[in-house]
J.: 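Could you have a look at this structure, given as structure tokens, before my questions?
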Amino acid sequence: MASYSQKVIESVRAKNTNEPEFLQAVQEVLSTIEPLLTAEGKYEKHCILERIVEPERTIIFRVPWTDDQGRIQVNRGFRVEFNSAIGPYKGGLRFHPSVNLGILKFLGFEQVFKNSLTTLPMGGGKGGSDFDPKGKSDAEVMRFCQSFMTELQRHIGADTDVPAGDIGVGGREIGYLFGQYKRLRNEFTGVLTGKSLNWGGSLIRPEATGYGCVYFAQNMLATRGDNLEGKVCLVSGSGNVAQYTVEKLLQLGARPVTLSDSNGFIHDPDGITQDKLNWVMELKNVRRGRIAEYAEHFSTARYYEGQRPWNVPCDCAFPSATQNEINGQEARTLIRNGCRLVAEGANMPTDLEGIGVYLSSKILYGPAKAANAGGVATSGLEMSQNSQRLGWTREEVDAKLFNIMKNIHDNAFEHARYAADTTKDFTNYVVGANIAGFVKVADSMIDQGLV
């Protein structure tokens, strides 16, 4: 007879056949919390799984705007408000051609449990558009953002839904979105996070996801009496998360050797130093160039067109680009080449087969909802500063981020006891993180009745 979680997984599969990323996320969470569901019958009694896999609200709208040639363009906008049991919806906006409802439901579902793990009062949501900011002028991006916010502003607010940035939505886009919200609503509130420091942003917010991921890795290594000093590390991506993952690795004595973008990756065996990283930041954040230029500028590096960095021998891997960038074969290659730790900076960067490889190999594996929660945690700290009309120092925010990531690690470590394969020599952080995040949300849903 099928278990409670398996029955719900099959129901989700039947209802969402064209949303593979969402199905993958649901299966990954529900299949790992089965030991808790068996021990605690109240969750099935209250139909928590059936309720938690359905967004509370899904908003889809058109976004018309004009390009620099005066031509009318039309994109599709989304906001998936997934769960508000522990606080207002919180989660990023993604502007990328790949954006569709299934991807945003996967991201929103993951966000529910990630936000729960931070211990901050934030629900889960996600949104965005299939608009591509690459190659667009500032004026085009502004016109798009203003049109997008003209509709979105009806559905968000400081105590309702607080979006942030994600892929394709950086400081420029947040600024244009906030300006239009303020103009339409005639109020200055903390409705968006990732803002500029001049008007309500938080120090450490740009660094938070990358820094937090490295802090989580540091805590995992500490359980084995180890640290990051001298470790050869692979980092994918070259955007915000990857950049600050490299920076924190350097600060802790590691040697990051790769970066990538959608066209390929660079391998610098000598290591990506702080000076080289500063050059990358200028390349990606200002000139918006391609990572191939790194190998043209630094003779120590080689560029690999159309490839990902997972065949390079290493001690640790930090996938920080996008979902499903590591498959089962690439995970096996990582293990074969000496990798003993994977900490996920991107959202769901490893597919289900790859996760199975990590777990069967008994390596230290920090799943995304735990390891990359530093970004949304610092967004929560920004919300607190906005509510109090305060600004904390860089040191204060970094210390709070470090403590939040340690608490997330320790909470996942503690709840991993439910996993059959957890021993004194191996911790199943997947089970631990999923159960720790689930319990807080599910118990809150029961407390609040059938809503």
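Side chains included, hydrogens not; waters and symmetry mates left out as well; all remaining heavy atoms used. Computed from a predicted model, the values in this text were never measured in an experiment.
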J.: Using only atom types and a distance under 3.5 Å, with no angle test, would you say the side chain of Asn240 pairs donor to acceptor with the backbone of Pro206?
T.: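 Such a contact is found between Asn240 side chain and Pro206 backbone.
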J.: Aromatic ring centroids of Tyr89 and Phe82 under 6.0 Å?
T.: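 They do not qualify: ring centres at least 6.0 Å apart.
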J.: Can a donor-acceptor pair be found, under 3.5 Å and without considering hydrogens, that links the side chain of Asn115 to the backbone of Lys90?
T.: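 It does hold such a pair.
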J.: Between the side chains of Glu229 and Arg255, is the shortest nitrogen-to-carboxylate-oxygen separation below 4.0 Å, so that they form an ion pair?
T.: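 Looking at Glu229 together with Arg255, the answer is no, because their closest N to O distance does not fall below 4.0 Å.
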J.: Ring centroid separation for Tyr4 and Tyr43, is it under 6.0 angstrom?
T.: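 No: the rings miss the under 6.0 Å criterion.
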J.: Looking only at atom types and distance, does a side-chain atom of Ser361 sit under 3.5 Å from a main-chain N or O of Val357, one as donor and one as acceptor?
T.: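 Such a contact is found between Ser361 side chain and Val357 backbone.
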J.: Any side-chain to backbone donor/acceptor pair from Thr258 onto Val235? Under 3.5 Å, distance only.
T.: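 Yes, because the side chain of Thr258 sits within donor-acceptor range (under 3.5 Å) of the backbone of Val235.
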J.: Is a donor on one side and an acceptor on the other found under 3.5 Å between the side chain of Ser84 and the backbone of Gly87?
T.: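 Looks like no, no N/O pair under 3.5 Å.
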J.: Identify all side-chain donor-acceptor contacts of residues 398-406 below 3.5 Å with residues at least two apart in sequence or on another chain.
T.:
| from | atom 1 | to | atom 2 | distance (Å) |
| --- | --- | --- | --- | --- |
| Asp398 | OD1 | Tyr215 | OH | 2.9 |
| Asp398 | OD2 | Tyr215 | OH | 3.2 |
| Asn403 | ND2 | Ala399 | O | 3.2 |
| Lys406 | NZ | Asp410 | OD2 | 2.8 |

J.: Hey, is Glu414 close enough to Arg417 for a salt bridge, meaning N to O under 4.0 Å?
T.: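 Yes.
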J.: Please confirm whether the ring centroid of Phe144 lies under 6.0 Å from the ring centroid of Phe95.
T.: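 Yes; Phe95 has its ring centre under 6.0 Å from that of Phe144.
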J.: Does the gap between the ring centers of Trp65 and Phe148 come in under 6.0 Å?
T.: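 No.
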J.: Just wondering, more than 12 heavy atoms not from Arg183 lying within 6.0 Å of its CZ?
T.: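 Count not over threshold, so no.
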J.: Using modelled atom types and a 3.5 Å cut-off, is there a donor and acceptor pairing between side-chain atoms of Trp310 and backbone atoms of Glu325?
T.: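 Yes, Trp310 side chain to Glu325 backbone: donor-acceptor pair under 3.5 Å.
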J.: Between the main-chain N or O of Ile48 and the side-chain N or O of His46, is there a donor-acceptor pair closer than 3.5 Å?
T.: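 No, because the side chain of His46 does not come within donor-acceptor range (under 3.5 Å) of the backbone of Ile48.
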J.: If you draw a 6.0 Å radius around CG in Asn263, do more than 12 non-hydrogen atoms from other residues or ligands fall strictly inside?
T.: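 Yes.
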J.: Give a yes or no on whether the ring-centroid distance for Phe61 and Phe78 is below 6.0 angstrom.
T.: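 No.
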J.: State whether Glu10 and Lys7 are salt-bridged, where the test is any N-O pair (Lys NZ or Arg NE/NH1/NH2 against Asp/Glu carboxylate O) under 4.0 Å.
T.: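 A salt bridge is absent here (no side-chain N lies under 4.0 Å from a carboxylate O).
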J.: Hey, are Asp261 and Lys284 close enough for a salt bridge, meaning a charged N less than 4.0 Å from a carboxylate O?
T.: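 Yes.
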J.: Does atom CZ of Arg76 have more than 12 heavy-atom neighbours, drawn from other residues, nucleotides or ligands, at distances under 6.0 Å?
T.: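 Count not over threshold, so no.
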J.: Quick check: Trp199 with Phe188 (ring centres under 6.0 Å apart)?
T.: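 For Phe188 and Trp199, the ring centres are not under 6.0 Å apart.
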J.: Per the salt bridge (charged side-chain N to carboxylate O under 4.0 Å, His left out) rule, what does the pair list look like for residues 340-353, sequence neighbours excluded?
T.: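 Matches after skipping sequence neighbours: Arg332-Glu353.
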J.: Taking Thr378 for the side chain and Leu381 for the main chain, is one N or O donor matched with an acceptor at less than 3.5 Å?
T.: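 No.
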J.: Does atom NZ of Lys15 have more than 12 heavy-atom neighbours from other groups under 6.0 Å away?
T.: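 No, NZ of Lys15 has 12 or fewer neighbouring heavy atoms, counting only those of other groups under 6.0 Å.
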J.: Nearest 0.5 angstrom please: Leu177 CG to Leu93 CG, how far?
T.: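 Between atom CG of Leu177 and atom CG of Leu93 there are 6.5 Å.
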J.: Do Glu382 and Arg205 sit within salt-bridge range, that is, some charged N less than 4.0 Å from a carboxylate O?
T.: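 Between Arg205 and Glu382 there is no salt bridge, as every charged N stays at least 4.0 Å from the carboxylate O atoms.
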J.: Under 3.5 Å, side-chain donor or acceptor atoms of residues 311-322 against the rest of the protein: list the pairs with distances, not counting sequence neighbours.
T.:
| from | atom 1 | to | atom 2 | distance (Å) |
| --- | --- | --- | --- | --- |
| Asp315 | OD2 | Val232 | N | 2.8 |
| Ser320 | OG | Phe318 | O | 2.9 |

J.: Salt bridge check: are Glu187 and Lys182 linked by an N-O gap of less than 4.0 Å?
T.: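 Looking at Glu187 and Lys182, the cut-off is not met.
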J.: Regarding Lys105 and Glu54, does a basic nitrogen lie under 4.0 Å from an acidic carboxylate oxygen?
T.: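 Between Glu54 and Lys105 there is no salt bridge, as every charged N stays at least 4.0 Å from the carboxylate O atoms.
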J.: If you count every heavy atom of other residues, nucleotides or ligands that lies below 6.0 Å from Asn186 atom CG, does the total exceed 12?
T.: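 At most 12 heavy atoms, drawn from other residues, nucleotides or ligands, come within 6.0 Å of this atom.
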J.: Against Tyr358, only a single residue in Tyr365, Tyr429, Phe426 fulfils ring pair (Phe, Tyr, Trp, His ring centres under 6.0 Å); can you say which?
T.: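 Of the listed residues Tyr365, Tyr429, Phe426, the ring pair (Phe, Tyr, Trp, His ring centres under 6.0 Å) partner of Tyr358 is Tyr365.
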